[in-house]
2 protein chains.
Amino acid sequence: MPAKLAASAFALFAEKGFDGVNLDQIAAHAGVTKGSLYWHFNSKRELIHAACAHYYRMYQRRINEALAGVTDPAARLEHTLRVAVRTCLMDQANRVFTMEIFTSAVHDAELRRGWQQFYDSVREFYIGLVRAAAVAGAVHVADAEQAVNLMLAAMEGIKLRALFEPEICSPTEEERLVEGLKEILGFPAPKPSRNG
Amino acid sequence: MPAKLAASAFALFAEKGFDGVNLDQIAAHAGVTKGSLYWHFNSKRELIHAACAHYYRMYQRRINEALAGVTDPAARLEHTLRVAVRTCLMDQANRVFTMEIFTSAVHDAELRRGWQQFYDSVREFYIGLVRAAAVAGAVHVADAEQAVNLMLAAMEGIKLRALFEPEICSPTEEERLVEGLKEILGFPAPKPSRNG
DNA sequence: GCGCCAAAATACCGATCGGTATGGCGTTGT
DNA sequence: ACAACGCCATACCGATCGGTATTTTGGCGC
């Protein structure tokens, strides 16, 4: 049940923000009432943290699935990037959710730590992927760390931009976004006949 | 008085967010009471919009001051960039305030329009500056618009990152940030003896 | 069947806060 | 002197919502 509540919280927070959802709504979404919710969580804040953990796990699960059985460094990097774009940029709900994390993290040190931990692990993962791809000669970067930092910043910037210009993250733009981010990571320019 | 209330609202929102400040606090900060505040503004929402307008005007005033009497295209671009970094990245209060705009804009079309209008004018201004500097041979970009988009995305990404890693926007990092953004805009790499 | 415990439901509480109603004061115009 | 108006202060209102207290329910073991 706590996992179901966390999932419900995530779903509703991603739609209306942390302050836009009350606990009765979350409980109802999970099929129980607020009293039951309080049996499992001590406060709304605790539930927010659980919703964040839910999101981080979901992202990690997607990456693991995308990389299962993939050994080629360049392919691993590209798959990771595609999942990230699909999950973090194309999905409006997830964009809204992470924006709520940022805004609330200003005043909540634990939330901030949680995000930073997540962000750092994502970043280190990318750095490792880029380095492996560079050794394999698939990408060319002077400094893997800097390229990853720039790529992640660009992703965050796109996310922000999409909040008021949702069309830049429409399905028809996905491939363009992926290509732009790949370029930052040092992938060679796309060829007309390259493998999708 | 309405301007004073808007300024007070901006100052407090930039510290605690839109939902973290009540109208009594804003009124007190402006030296009046809530009744007087309601004489001038119909609702908290209207006050939020006034605070946003205050911020946009402040930014524009700073740019105008920085560019007064500057005619060299490269200098104009660099000055604009420095003011933007100082105002939008180095100033924690302003970072917090703009994050609040983004989060609220998801559910407030007018707020969204206001921000988009501001963002578009900033963007067009940069494109104009980059093109002028390119004609003057001071920067080298294949596509001014794309370079500006990337630079602005990077700025937004840095802003987000700074929310949980404030040290990346510390005074000692300012020059590094400026140089990184200049590089995106096609400025030549810094020389050891270049003019500050 | 009874007791225990976990989980859930229901009713309630107090604080908060945006918003409203009303009265007061100072200034200006007639 | 009086009326009108702008601006302001104070008191009040109702809705909301996180959180608490109490009761109920279901499952399990004996």
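A note on names: the letters A, B, ... follow the listed sequences, proteins ahead of strands, and every chain is numbered from 1.
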Contacts of type side-chain contact (heavy atoms from CB on, under 4.5 Å), residue R62(B), not counting sequence neighbours: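 Partners of R62(B) under the side-chain contact (heavy atoms from CB on, under 4.5 Å) test: M58(B), V83(B), T87(B).
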Atom-to-atom span, CG of N42(A) to P of dA21(D) - whole angstrom: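 Going from CG in N42(A) over to P in dA21(D) covers 13 Å.
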Base versus backbone protein contacts along nucleotides 3-18 of chain D [heavy-atom cut-off under 4.0 Å; B, S, -]: ---SBSBB------SB
Which atom of A136(A) lies closest to which atom of P73(A), heavy atoms considered: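 Taking A136(A) first and P73(A) second, the nearest heavy atoms are CB-CG, 4.1 Å.
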Contacts table for residues 9-35 of chain B: side-chain donor-acceptor under 3.5 angstrom, sequence neighbours left out:
unit_1 : atom_1 : unit_2 : atom_2 : d
N22(B) : OD1    : D24(B) : N      : 3.0
N22(B) : OD1    : Q25(B) : N      : 2.9
Q25(B) : OE1    : N22(B) : N      : 2.7
H29(B) : ND1    : S8(B)  : OG     : 2.9

Side-chain donor-acceptor contact under 3.5 Å, R95(B) with Q92(B):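 Checked: R95(B)/Q92(B) side chains pair up, N/O donor to acceptor below 3.5 Å.
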Within the 6.0 Å centroid threshold, strictly below: F102(B) and F102(A):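 No: the rings miss the under 6.0 Å criterion.
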